[in-house]
Number of protein chains: 2
Amino acid sequence: MVNKNKTLLNEIKEILKSKDIKPSYQRIMVYNYMKNHRNHPSVDTIFKAISGSIPTLSKTTIYNILNFFAKKGIVDTLTIDKNEVRYDFIKTPHAHFMCKICGEIFDIHLKSDVCLKDFVEGHKVEDAHVDFKGVCKGCL
Amino acid sequence: MVNKNKTLLNEIKEILKSKDIKPSYQRIMVYNYMKNHRNHPSVDTIFKAISGSIPTLSKTTIYNILNFFAKKGIVDTLTIDKNEVRYDFIKTPHAHFMCKICGEIFDIHLKSDVCLKDFVEGHKVEDAHVDFKGVCKGCL
DNA sequence: ATTTCAATCTGTAATGAGTTCAATTACATA
DNA sequence: TATGTAATTGAACTCATTACAGATTGAAAT
């Protein structure tokens, strides 16, 4: 088990190196968290989750790493929640649904090409998001 | 001119009354601003714009009024900008483009039915938004 | 090994949007 | 005019995020 974890972390190390990112322990742990938890976490959620493994961890470091990962195209920055930024491990384009009651964000598998445009009305598109808000299945 | 303004403000008064909203001077002024400025303003923008006409105006009042207007379906709450909430006078469904350079938000006239769904994957939809971010025509 | 240097990390302080709350004001009705 | 409810005000507060300066790391050079 320890060996298996070590192997997984080494894999992440290689992934980061291949993207020209120095694989610090903190970056590896954030990447590992994002890869294994598709819960659209906030900075605070990630901090609480991994600070146990890194006693000296600073929240500022999580901010730095996520901004850096966003610039490198590893995570997507979701502004669907007006209280705090949420982050998403980048995969195939999809929409999001945020519950106004419980705050959870769900992936929505939507057939739509709006996320694939390069330009809209003359403006250069870098990010595209389709966001729904309401009451989720569980809270209904 | 003074008479014409007075007529316009009286029209707004009637609109608010018809929606079961007590037409205070502050509410009339915020409604008037939103109707005439389609620039997706923040609370601060509106405050700066109309506080000249209402010397005692408090920013808390703008927050109260906009939240109330949102509940009444008069304005739409845009969370596209992670720094501050922006507000949109509700009209026919459309998408938005926000420029990462100048911060301006543009209306995008998009043929898409994603905004018209009542349910997605079992979740009850109350709001739907299609947001683009990038570099606007002017900043390119 | 030691030095060097840049990149990264850390923690504190500052910023600023948004909320809370108690006191004041406005307004409709009796 | 009196009364009660709703709306407004402003100060204090919360809390996510940023700024910044000092400490640490790690790789390359000597």
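Note that these values count all heavy atoms, side chains included, but never hydrogens, waters or copies made by symmetry. Within every chain, numbering begins at 1; the chains are lettered A, B, ... in the order of the sequence lines, protein sequences first and strands thereafter.
- The backbone N or O of B:Ile80 lies less than 3.5 Å from no partner atom in the side chain of A:Lys82, so there is not a single donor-acceptor pair.
- Each end of the helix from C:dA1-D:dT30 to C:dA30-D:dT1 gets its own rotation axis from five pairs of C1' atoms, and the angle between them is 10° to the nearest 10 degrees.
- No engagement by B:Asp44 is indicated, since no non-hydrogen atom pair under 4.0 Å with the nucleic acid exists.
- Minimum atom distance to the side chain of B:Ser24 is reached by D:dA7, of the listed D:dT9, D:dT17, D:dA7.
- In this structure, of C:dG11, C:dA17, C:dC9, it is C:dG11 that holds the atom nearest to the side chain of A:Ser58.
- At a threshold of 4.0 angstrom between heavy atoms, the contacts of B:Thr56 are confined to the sugar-phosphate backbone, with no base atom among them.
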Practice problem: For side-chain contact (heavy atoms from CB on, under 4.5 Å), just list the numbers for A:Asp88 and A:His96, CA-CA rounded to whole Å, side-chain angles, deciding distance to a tenth of an Å, and then say yes or no. | Solution: CA-CA 10 Å; A:Asp88 195 17; A:His96 292 105; 3.1 Å; yes
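- Closest to the side chain of B:Arg27, out of D:dA7, D:dT18, C:dT19, is D:dA7.
- In this structure, the nucleotide among D:dT17, D:dA19, D:dT8 sitting nearest to the side chain of A:Thr60 is D:dA19.
- Considering only side-chain atoms of A:Val85, the nucleotide from D:dT17, C:dC9, D:dT9 that sits closest is D:dT17.
- Side-chain proximity of B:Ile54 to the nucleotides C:dG11, C:dA17, D:dT9 is greatest for D:dT9.
- Of the candidate nucleotides D:dA16, C:dA17, D:dT8, D:dA16 has the atom nearest to the side chain of A:Glu84.
- Electrostatic pairing of B:Asp127 and A:Lys100 counts as a salt bridge here, judged by a charged N lying under 4.0 Å from a carboxylate O.
- Distances from the side chain of A:Lys22 to the nucleotides C:dT10, C:dA7, C:dC21 place C:dA7 closest.
- Between B:Phe69 and B:Tyr31, the angle of the ring planes goes over 60°, which puts this pair in the perpendicular group of the 30/60° scheme.
- Using bins of under 30°, 30° to 60° and over 60° for the plane-to-plane angle, the ring pair B:His40/B:His94 lands in the tilted bin.
- Counting non-hydrogen atoms of other residues, nucleotides and ligands closer than 6.0 Å to NZ of A:Lys91 gives a total above 12.
- A:Lys59 comes within 4.0 angstrom of no nucleic acid atom, judged by non-hydrogen atoms across all strands.
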Practice problem: Show your working on side-chain contact (heavy atoms from CB on, under 4.5 Å) between A:Asp131 and B:Val130 and close with a plain yes or no. | Solution: CA-CA 6 Å; A:Asp131 298 337; B:Val130 177; over 6 Å; no
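- Between B:Thr61 and B:Lys82, the residue anchored nearer the 5' end of DNA chain D, judged by the nucleotide with its closest heavy atom, is B:Thr61.
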